[in-house]
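So the structure is just underneath, and the comments pick up after that.
This is a predicted model, so every value here is computed, not measured. In what follows, every chain begins at residue 1, and chains take the letters A, B, ... in the order their sequences are listed.
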Amino acid sequence: MNWIPFELHTHTPHSDGRHSLLEMCREAKKLGLGGIALTDHNTVSGMTEAEAAQEETGVAIVPGMEWTTFYGHMLTLGAPYCEWRDLGPEDIHRGIERVHQAGGIVGIAHPYSLGSPICTGCHWEYTIKDWSDIDYIEVWHEVMPSYKNHNVPAWNLWTSLLNEGYRIPATAGRDWHHSGQDDSWSAFTYIGLPEPDDRYSAESVVQAIRRGRSVISMGPMLHVEALAGDARYFIGDIVEDSAGRLSSMRLLIQVQPFAAAERYGDRMQVTKLVVESNIGELADRPWNEQEAGIELYVPLEGIRWLRLKAMGVLLGGWTTIAFTNPIYVNREQKNETEGETE
Amino acid sequence: MNELLTIEGTLTPLSSKTHITYQFHIDEPPARLAIEFQYSPKVLEDSEISRPLIMEAIGKYVDPSAADLQKQQWERFTPLQNLLTLSVDDPEGFRGSAHRHPPEQRHTLAVGSASPGFIPGVLPAGIWRITISVHCVVTPACTYRLSVYKGRDAE
Ligand SMILES: [Zn+2]
Ligand SMILES: [Zn+2]
């Protein structure tokens, strides 16, 4: 598996961004990104510049758009323009259907940003009748996302949906409008792809995001593999044990430092790893960079999903530095009173 | 350049979250279309009007635990702004939009080029639509003016 860091929420002068696609890709390359998604507000015309920018910088460009509507901002990836102007606050599933029909996926952008008239349509107000229609949620928005107030309820929303049984991946998005003096750090979405060159295939990237094959991080890559029975599972996979034959699985955990070293030193350091799940914390371990990795045995009883979270020092504060999307468990759960929600 | 259309109108806050679409016919494919669009005022200067709007938005959108602090700093969110954006559809479908803040805009569409936000290509004869998306009007009144021109060559 190749884990390629992507920036999934960007703008250019085709909407209200202040850097051209080429300028942004040059900056992306300096940051160590392997790809970006171009998600201009309500237009796709910026893609006319994509071939040249990708050619010069090697940064992969995934076509997308940010539906910048009156009732919420919705990111689309891998689809051409799809119509939004005829939809009201109860109609979002019709809009999602259009994107899905066109081969794309949808993600709720910054669900808890302030809305109109402070930021028009920025707070998610569409009625969602079926959460399984939502392909991802931008849980970390803007630079220094773990310190941003509006990302706290987004994190909680995501976690409670997981607890209800929905398998919705999280992403990060810088909402990148200009490359300039602002040296605040953004988070990356590492996307797991079978081959390194798969990043140039929008379809492969979209597939990987849809199935939650991704890790959100300020730098270090979190590797988690689950070994259950004879099978090996990666982030985003579903551990199959529908007959309930297995009692536990083995987790192999590694923290891989980020290649662009200026984000390291004492300014960013992972000091603790937490394994979270629908039944609470499964493990809580100190971590230092000298360690090779951690092996854990986790009982499968009651577990529907688990994710790894890395905590530590980030520019003088102590916060979440990275988290994985879940590994899910499909298992007949004993003593369960509530039914499956999905 | 031949003028095809000029419209003026006045909006109030009640027009927030509405679209205004002008539909017109182009009989012969032109080499170029130019669109001029402006609206005014852009910002709401009156803090008597801004303050309750900001307070209401904070009350509605911010978690109660953080709302009081935000309300104390309500002036951070001034000045509130009107936002009208423009999009274009040709007889075949979507031809682009300009989602950005400047209240005076000029856009052109031609076979080989187009202004940022718009998609270059042939300009077919038939029914065209220009839509003003009124994301937000906060001032008591907001006037807009839209003009469309067609040109023979890509001058
Ligand atoms: Zn947005
Ligand atoms: Zn955005």
Query raised in the report: So how far is it from Phe94(B) CZ to Ser45(A) OG, rounded to the nearest 0.5 Å?
Result: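 One gets 7.5 Å once the value is rounded to the nearest 0.5 Å.
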Query raised in the report: To the nearest 0.5 Å, what is the distance between OG (Ser133(B)) and CZ (Phe70(A))?
Result: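 Ser133(B) atom OG to Phe70(A) atom CZ measures 5.0 Å (nearest 0.5 Å).
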**Report entry** Residue pair Ser97(B) / Thr43(A): nearest heavy atoms and the distance that separates them
**Finding:**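 Between these two residues, the closest heavy atoms are N-OG1, 3.9 Å.
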Report task. Specify the closest pair of heavy atoms between Ala57(B) and Pro117(A), including all atoms of both residues, with the distance to one decimal. Result ->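 Looking at all heavy atoms of both residues, the shortest contact is CB-CD, 4.1 Å.
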Query - Residue pair Leu114(A) / Phe77(B), side-chain heavy-atom distance below 4.5 Å - result: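 They are in side-chain contact.
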Under a 4.5 Å heavy-atom cut-off, does chain A meet the side chain of [X], its backbone, both or neither?
X         : answer
Leu83(B)  : side chain
His101(B) : neither
Val137(B) : neither
Asn82(B)  : neither
Thr131(B) : side chain
Phe118(B) : backbone
Leu53(B)  : both

Requested in this report: Report the C-alpha separation of Ile118(A) and Leu80(B) in whole Å, then their side-chain angles, then the decisive distance to 0.1 Å, and conclude whether the side chain to side chain contact (heavy atoms under 4.5 Å, CB included) test is met.
Outcome: CA-CA 6 Å; Ile118(A) 292 170; Leu80(B) 293 177; 4.2 Å; yes
**Report entry** Centroid-centroid under 6.0 Å between Trp84(A) and His99(B) rings
**Finding:**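 Not close enough - the centres of the two rings lie 6.0 Å or further apart.
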**Report entry** His123(A) and Tyr61(B) aromatic ring geometry - parallel, tilted or perpendicular at 30°/60° bounds
**Finding:**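 Answer is tilted, since the angle falls between 30° and 60°.
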Which region of [X], side chain (C-beta onward) or backbone (N, CA, C, O), has a non-hydrogen atom less than 4.5 Å from a non-hydrogen atom of chain B, or is it both or neither?
X         : value
Asp40(A)  : neither
Ser15(A)  : both
Glu49(A)  : neither
Pro153(A) : neither

Report task. Decide side chain to side chain contact (heavy atoms under 4.5 Å, CB included) for Arg100(B) and His11(A); before the verdict, give the C-alpha distance in whole Å, the side-chain angles of both, and the deciding distance to 0.1 Å. Result -> CA-CA 11 Å; Arg100(B) 60 187 74 115; His11(A) 299 279; over 6 Å; no
More than 12 heavy atoms of other residues, nucleotides or ligands under 6.0 Å from [atom1] of [X]: is that the case?
X        : atom1 : value
Glu36(B) : CD    : yes
Gln73(B) : CD    : yes
Lys42(B) : NZ    : yes
Glu55(A) : CD    : no

Query raised in the report: What residue, out of Gly46(A), Gly115(A), Cys122(A), has the most heavy-atom pairs lying under 4.5 Å from chain B?
Result: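 Result: the option with the highest number of such pairs is Gly115(A).
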**Report entry** Among the listed options Met47(A), Glu125(A), His14(A), the residue most often paired with chain B at heavy-atom distances under 4.5 Å
**Finding:**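 Among Met47(A), Glu125(A), His14(A), the one with the most close pairs to chain B is His14(A).
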Query raised in the report: Is there a donor-acceptor pair closer than 3.5 Å between any side-chain N or O of Arg85(A) and the backbone N or O of His19(B)?
Result: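 No, Arg85(A) side chain to His19(B) backbone: no donor-acceptor pair under 3.5 Å.
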